[in-house]
Protein chains: 2
Amino acid sequence: MIEGDAPTRRTAPATLHDVAREAGVSLATASRSLNGSARKVNEEYRERVLAAAAKLGYTPNLSAQAVARGTSTTVALLVADIADPYFSSLAAGVVGAAGDDRLIVTMAETKRDSARELELVRAMRGQRPRVMILAGSRDIGDPNAAALEAELTAYEQTGGRAVFVSESDLPFRTLPLANRAGGRDLAVALHELGYRRFTALAGPETLRTAHDRIAGFAEGLASVGAQLPADRLVRSSFTRDGGYDAMRRLLEAGIGDTQLVFALNDVMAMGAMSAIRDAGLEPGRDLAVAGFDDIPTVRDVTPRLTSVRMPLERIGEQALRLALEDGADAASARASSTDVSTEVVLRESTPGPAA
Amino acid sequence: MIEGDAPTRRTAPATLHDVAREAGVSLATASRSLNGSARKVNEEYRERVLAAAAKLGYTPNLSAQAVARGTSTTVALLVADIADPYFSSLAAGVVGAAGDDRLIVTMAETKRDSARELELVRAMRGQRPRVMILAGSRDIGDPNAAALEAELTAYEQTGGRAVFVSESDLPFRTLPLANRAGGRDLAVALHELGYRRFTALAGPETLRTAHDRIAGFAEGLASVGAQLPADRLVRSSFTRDGGYDAMRRLLEAGIGDTQLVFALNDVMAMGAMSAIRDAGLEPGRDLAVAGFDDIPTVRDVTPRLTSVRMPLERIGEQALRLALEDGADAASARASSTDVSTEVVLRESTPGPAA
DNA sequence: CGAGCGTGAGATAGCGCTTTCCCGCAGGAT
DNA sequence: ATCCTGCGGGAAAGCGCTATCTCACGCTCG
């Protein structure tokens with residue numbers, strides 16, 4: 001047999017069949033030995049199978065298992081932007097929790113486009129994932145909402161479980177985030193520090209998360225007799241550059257008597273601080289800034305940023321748990337939001353107004 | 001038929017079989033219509049099938065396709081820590097590029113543990129991914145290296161493609177990162193600014209990436225007649241907290257005549273800057289700081305951080321491209337590193353030594 | 001001492017697909 | 001007219017598994 005010294009050729013991966021033959025047992029026995037089925041198998045056989053599997057470097061074909069079993073071990077995760085610390089922390093939580101349950105997570109980016117999101121949901125359905133976690137925020141009045149609902153309803157009818165992180169109007173399991181309460185608490189805390197006149201750097205008007213945070217903030221101010229006038233809102237995109245840009249425009253238009261700028265999330269706040277500096281002012285001293293989310297890096301910016309802590313990794317874990325836990329109808333299945341409650345963290349970016 | 005008003009029950013997803021029946025054609029025809037096989041199918045039949053598929057909300061079962069075709073459309077991505085901006089940017093690049101090719105990416109975290117990494121590679125092999133991207137840095141003298149090599153060799157023999165991002169000693173496709181050259185350029189640039197006495201905040205001694213950056217930095221200094229004494233190296237973990245901690249220890253021990261601290265990556269640098277501030281000093285003015293990677297947030301810290309730009313998203317894309325492109329033997333298959341070349345970005349954290 | 005039974009290994013029927021292979025049916029060449 | 005060819009639909013054989021079913025074997029029990 002002159003195969004020469006040709007390099008080892010491409011071979012098909014070892015199959016269960018190969019293992020069974022190598023061990024001299026039936027396919028059924030091999031399968032039972034390697035995955036701990038309900039049935040018992042003779043210890044001697046079991047060892048033979050295990051040895052054969054190790055020898056051949058056998059790894060069960062997950063796809064085949066999924067087909068045969070009719071269930072997969074996949075978790076599908078949809079985020080707006082992976083590079084955004086908010087989503088990457090959340091993803092870390094999901095991936096971590098999934099690993100504990102030996103689930104595999106597949107991930108895709110919606111890029112904040114609901115049409116794209118819809119398309120992705122369709123595509124991911126093909127994986128027959130056990131759960132699907134939608135972490136991008138919802139748009140109010142999203143024209144694709146109905147289609148998305150239909151798609152997810154179909155998905156759930158076929159045994160899947162959809163979970164939204166943060167409020168949605170859709171009838172699926174939801175991990176509510178305390179955006180509103182957080183906004184409220186922040187407003188009260190800032191008021192207590194002595195701040196009275198605020199301007200908000202808001203995300204797109206339709207973004208549910210942005211809406212809730214602003215609404216909460218306004219409520220909080222109202223509760224202490226202050227207010228956030230409607231003209232004190234600058235709209236932009238929900239990103240770092242959006243924050244920078246909004247702040248720049250605000251400064252150009254004149255900040256009036258604003259004492260504190262509330263950016264609706266930390267990355268926007270960081271952009272805003274840079275814009276403030278680029279205008280020759282000192283954030284914190286000349287103009288206070290507050291953010292939202294408390295992403296890790298806000299501890300390392302100067303001045304350290306006041307924010308509302310969202311336990312992002314934990315939220316990711318909880319989202320998966322919520323999806324996995326059985327029973328209860330979707331409507332009532334909202335995680336106890338105490339688990340993911342927020343907390344205002346006051347730092348140097350809000351030193352209190354000049355005396 | 002009295003089904004009552006029972007809520008719609010859980011049903012199995014529509015199968016290709018259902019679609020074929022609905023359309024009144026054979027399974028084969030349905031399959032051919034929905035996936036554009038080599039064979040043509042009568043336009044009228046095709047439309048009937050497409051209509052039936054739409055009506056039933058059919059989505060092809062990817063697992064079944066993978067089993068039948070013998071190939072998957074999965075990309076497996078291994079990173080050290082998803083929440084780390086370095087890896088999340090890289091992941092964004094991979095996910096983006098994968099989306100263009102209609103590939104699905106599954107993701108796992110090694111937590112910088114090579115034993116865990118090995119285990120994950122094994123597990124992911126079960127998915128029969130088309131490519132596997134290992135993005136965590138290699139350890140020099142990693143005791144699991146041989147086992148990893150064996151595992152990946154087996155993987156490639158069965159038709160998969162493994163790619164390392166950044167240098168490894170293992171014989172697989174590699175996307176080399178210009179860690180050494182970047183370190184060299186940085187050293188020269190800093191020297192040119194007038195800095196002469198440096199201390200490095202290094203990652204673990206065994207981390208290949210850290211090693212290369214330091215080595216390049218030392219080389220760069222040597223090339224201009226300066227040097228980095230061996231006792232000017234503080235070891236710690238490769239994270240933000242590692243940077244903070246190393247800097248704290250350095251300050252406690254006394255920084256001597258050090259003019260500039262070179263943190264081996266940006267998150268460490270950010271930690272270090274916080275440590276400097278917590279010690280009552282002003283980064284940039286009292287002690288210059290330089291980082292590496294140029295992650296997005298370094299534009300927003302104060303002072304803005306001097307760094308070496310690594311086009312992370314692009315690197316992620318390239319890694320996938322490299323994995324996908326066929327031909328050539330693994331050894332020679334290294335991406336042209338010009339595509340992912342680095343660039344020193346001087347900013348305010350290195351204003352030049354006091355005159 | 002034979003019927004009944006639990007045990008556990010093996011054969012086999014799927015799971016939802018793809019992809020041969022087979023065949024009947026035009027249409028062109030002879 | 002006859003033969004061959006190309007075309008395209010359908011039957012069916014897998015793909016790598018799991019789970020049901022079958023069945024031989026060694027027991028216990030009356």
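Computed over heavy atoms, backbone and side chain alike; hydrogens, waters and symmetry mates excluded. Chain letters run A, B, ... following the sequence lines, proteins first and then strands; every chain starts at 1. Values in this document were obtained by computation on a predicted structure and should not be read as measured data.
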Please tell me which of Ala64(B) and Gly24(B) maps to the more 5' nucleotide of DNA chain D, matching each residue to the nucleotide holding its nearest heavy atom.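 Counting from the 5' end, the first nearest nucleotide belongs to Gly24(B).
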Using distance alone, with no hydrogens and no angle criterion, decide if Ser114(B) and Asp142(B) have a side-chain donor and acceptor under 3.5 Å apart.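 Ser114(B) vs Asp142(B): donor-acceptor pair found between side chains.
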Starting at [atom1] of [X] and ending at [atom2] of [N], how long is that distance when rounded to a whole Å?
{"X": "Gln127(B)", "N": "dC17(D)", "atom1": "CD", "atom2": "C1'", "answer": "16 Å"}
{"X": "Arg21(A)", "N": "dC17(D)", "atom1": "CZ", "atom2": "C1'", "answer": "16 Å"}
{"X": "Asn61(B)", "N": "dG16(D)", "atom1": "CG", "atom2": "P", "answer": "17 Å"}
{"X": "Arg69(B)", "N": "dT20(C)", "atom1": "CZ", "atom2": "P", "answer": "12 Å"}
{"X": "Lys40(B)", "N": "dG10(D)", "atom1": "NZ", "atom2": "P", "answer": "17 Å"}
{"X": "Asp18(B)", "N": "dG16(C)", "atom1": "CG", "atom2": "C1'", "answer": "10 Å"}
{"X": "Arg125(B)", "N": "dG16(D)", "atom1": "CZ", "atom2": "P", "answer": "15 Å"}

Return the minimal non-hydrogen interatomic distance between [X] and [Y], and the atom names on each side.
{"X": "Ala14(B)", "Y": "Leu56(B)", "result": "CB-O, 3.9 Å"}
{"X": "Arg173(A)", "Y": "Leu322(A)", "result": "NH1-O, 2.6 Å"}
{"X": "Ala319(A)", "Y": "Val165(A)", "result": "CB-CG2, 3.8 Å"}
{"X": "Ser63(A)", "Y": "Ala66(B)", "result": "OG-CB, 3.8 Å"}

OP1 or OP2 of dG8(D) under 4.0 Å from side-chain N/O of Arg39(B):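 For dG8(D), OP1/OP2 do not have a side-chain N/O of Arg39(B) under 4.0 Å.
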Between dT18(D) and Gln65(A), is there an OP1 or OP2 to side-chain N/O distance shorter than 4.0 Å?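 Answer is yes, contact under 4.0 Å.
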Hey, can you pull the residues of residues 25-35 of chain B with a non-hydrogen atom under 4.0 angstrom from DNA chain D?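 Hits under 4.0 Å, by residue number: Val25(B), Ser26(B), Ala28(B), Thr29(B), Arg32(B).
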Net bend of the helix from dC1(C)-dG30(D) to dT30(C)-dA1(D), end axes of five pairs each, nearest 10 degrees: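 Roughly 50° between the end axes, to the nearest 10°.
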In terms of side-chain geometry, is the basic nitrogen of Asp101(A) or Arg321(A) positioned less than 4.0 Å from the acidic oxygen of its partner?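 Answer for the salt bridge query: yes.
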Does a side-chain N-to-carboxylate-O contact under 4.0 Å join Arg116(A) and Glu119(A)?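 No, Arg116(A) and Glu119(A) are not salt-bridged.
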Min side-chain heavy-atom separation Val121(A)-Met132(A) under 4.5 Å: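 A side-chain contact exists here, since the closest heavy-atom pair is under 4.5 Å.
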Taking the side chain as everything from C-beta on, heavy atoms only, tell me whether Phe87(B) gets closer than 4.5 Å to Leu312(B).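 When only atoms from C-beta onward are counted, Leu312(B) and Phe87(B) do not touch, as no gap falls below 4.5 Å.
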Working to the nearest 0.5 angstrom, can you tell me the gap between Thr71(A) OG1 and Gln65(A) CD?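 Nearest 0.5 Å value for the OG1-CD distance: 9.0 Å.
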Stretch residues 41-53 of chain A: residues that reach within less than 4.0 Å of DNA chain C through a heavy atom: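 Here the set is Val41(A), Asn42(A), Tyr45(A).
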Where the side chain of Glu109(B) meets the backbone of Ile82(B), is there a donor-acceptor pair that is under 3.5 Å apart?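 Such a contact is found between Glu109(B) side chain and Ile82(B) backbone.
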